[in-house]
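Only one structure is covered here, and it is reproduced in the block below.
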Amino acid sequence: MPKKYHIEVHPTPNRFPRIGRSGIVDWGEGCLKCAKCVKTQCIYGVYEKRSFSTDIFGDTIDELCKSCFRCVQGCPKRLIHKTINPEWEALGDELYTPEVISANWEQAETGKIPVSGAGYGGPFCGAGFDSMWTDMSEIVRPTRDGIHGREYISTLVDLGRRPPYLILGQGGSVASEPLPRVRIPLPVVFDLLPFGDLSPNVWEAIASAAARLQTMAVMPWNQAARLGQYSEYLAPFVGKEIPEELPLSGFRMIEIEDHEAAKATLEKVKAQQPDLVVSVRMAASSDPSDINRIVELHSFGYDVIHYAAQDSGYEQPGFQGAHLKDMIRQAHAGLLQHAVRDEIALLASGGIAMAEHVIKAMLCGANAVGVDVPLLMAMGCRVCRECVEGRTCPVSIGTISPPWGVRRIINLMGAWHNQFLEMMGAMGIREARRLTGEQGRVMFFEDLERDTFAQLFSGS
Ligand code: SF4
Ligand code: SF4
């Protein structure tokens, strides 16, 4: 059995106090001055440890409090209350909600899967990936202990084309020429960042984390050229042409933007370095002609089709507002109809905010998934988009130290990897490559709604 892929995590504190979900409101008026005040009974020592932070110009109690409600319930005069922090409620947007941001911060800090308490109080359906329910009917087999212990569940995937058939030589040996391929132990590729105070330190942290995790990072070609020590794990994004200043040697993968002369650009690259895995980045849309373009790019010889939605998870403006999951499903079905699905590596990205989104995107039909904003969140990003408006980043992302950023990204991926194992174990799938297009193991809310109610309300 091959050696198990394991991600070593190390607790790495935030640089700035985390914006907590709730705040303590502590009234002094009416206090009985009990001999044994509940504040001295806090098992986390919150009231002793609280201080004034010059980073946030405020009390650190909300950062320290674990919300156990012991002091709230214990005060005989009911002078201690907890309230939802309005600053926390204002974090992020519809996709990167306060809950998603907090959960990613916590994973980047601890490397552990966040535990949100008993039961789930939220809705069972929502937009995008929230309208998918995975079939967890195998949840008792293998056991949870087995997932992290005896059982072998592989999260390895390949980036590259596959031949439609093998040519066998004398004695049954494989005579087909091997096609260029990059094998990664996680179905996650670090993608270009859609916003942020993107200093060289940020890119260095991402490059070094990709190397430590043995996955790939797509990054602007000038940063990839600068970070030559990690070149094996970097895929320079070059736009439409290969810059003369970029030597291709040392890289295993490169990414080109889809354009009219994409065939000629590929031919130039392959003439220079035939064994390079060449990915083409194509804007995902609900336009059915996307399928023909993917097939055409494949016929040119591209090794990976990077099908990229916006960072919101939706298609570019000017289309119908389709979500990435629906665009992957459409592309997957179209490629099956063209009988080329197994030959093409489809890397999907845009709007991947949580570990479960990776698995769900693969179930829809992706071979691997690109991750962007969560890398920023690992480095403390609040998804406030001040940087997009040209204003100062409240957490000075650009000033991180690369080793700190590396630990945070590795922690996040360590927690995500464990969630991949949990989901795959519960689905009885031991091979991440088998997730691709396994739509029989998913229920889509839209399908259920149509099957259940269409006849009732269609008027027929
Ligand atoms: S709610 Fe719990 S953790 Fe928070 S201050 Fe009170 S006793 Fe401490
Ligand atoms: S915290 Fe805000 S300003 Fe800083 S990188 Fe994130 S979105 Fe941009």
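Both counts, for ligands and for their atoms, begin at 1 and track the order of listing. These values consider heavy atoms only, across backbone and side chains, with no hydrogens, waters or symmetry-generated copies.
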Are T12 and W404 linked by a side-chain donor-acceptor pair shorter than 3.5 Å?
no
With heavy atoms of Y47 as the reference, note each atom of ligand 1 found under 4.0 Å away.
5 (S)
Beyond-backbone contact of L213 with I410, side-chain heavy atoms, under 4.5 angstrom:
yes
Just wondering, do V188 and F420 contact through their side chains at under 4.5 Å, heavy atoms?
yes
Can you check whether R281 reaches D258 side chain to side chain, under 4.5 Å on heavy atoms?
no
Ligand 2 atoms in contact with F195 (distance to a heavy atom under 4.0 Å):
7 (S)
Relative to the heavy atoms of C71, which atoms of ligand 1 are at a distance of less than 4.0 Å?
1 (S), 5 (S), 6 (Fe), 7 (S)
Any side-chain heavy-atom pair from M413 and F190 closer than 4.5 angstrom?
yes
Of the protein's non-hydrogen atoms, which lies at the shortest distance from atom 8 (Fe) of ligand 1, and what is that distance?
C42 SG, 2.4 Å
Under 4.0 Å from one or more heavy atoms of C393, ligand 2 contributes atoms 1 (S), 3 (S), 4 (Fe), 5 (S)
The atoms of ligand 1 lying under 4.0 Å from a heavy atom of R70, numbered in the order shown, are 2 (Fe), 7 (S)
If we number the atoms of ligand 2 from 1 as shown, the ones under 4.0 Å from a heavy atom of R385 are 2 (Fe), 7 (S)
Which residue holds the protein heavy atom closest to atom 3 (S) of ligand 2, what is that atom called, and what is the gap in Å?
C387 N, 3.3 Å
Taking only heavy atoms of G196, which atoms of ligand 2 are found under 4.0 Å from at least one of them?
5 (S)
Checking heavy atoms under 4.0 Å, the part of L376 that sits near ligand 2 is neither
Check whether any side-chain heavy atom of T155 sits under 4.5 Å from a side-chain heavy atom of Y5, and report yes or no.
yes
Distance check below 2.8 Å: does C65 bring an N, O or S atom to atom 2 (Fe) of ligand 1?
no
Closest approach of any protein heavy atom to atom 2 (Fe) of ligand 2, naming residue and atom:
C384 SG, 2.3 Å
Heavy-atom side-chain proximity of V369 to S349 below 4.5 angstrom
no
Taking 2.8 Å as the cut-off, does an N/O/S atom of C381 lie below it from atom 8 (Fe) of ligand 2?
no
Side chain to side chain contact (heavy atoms under 4.5 Å, CB included) partner of I352, chosen from D191, D372, V371
V371
Suppose I only count heavy atoms of Y44 and a 4.0 Å limit; which atoms of ligand 1 are within that range?
3 (S)
Do you know which of D62, I24, L64 makes side chain to side chain contact (heavy atoms under 4.5 Å, CB included) with V46?
L64
Answer with side chain, backbone, both or neither: which part of F69 has a heavy atom less than 4.0 angstrom from an atom of ligand 1?
backbone
If only side-chain N and O atoms count, and only distance matters, is there a donor-acceptor pair under 3.5 Å linking E109 with N14?
yes
Report, in ascending order of atom number, the atoms of ligand 2 lying under 4.0 Å from any heavy atom of R382.
1 (S), 6 (Fe)
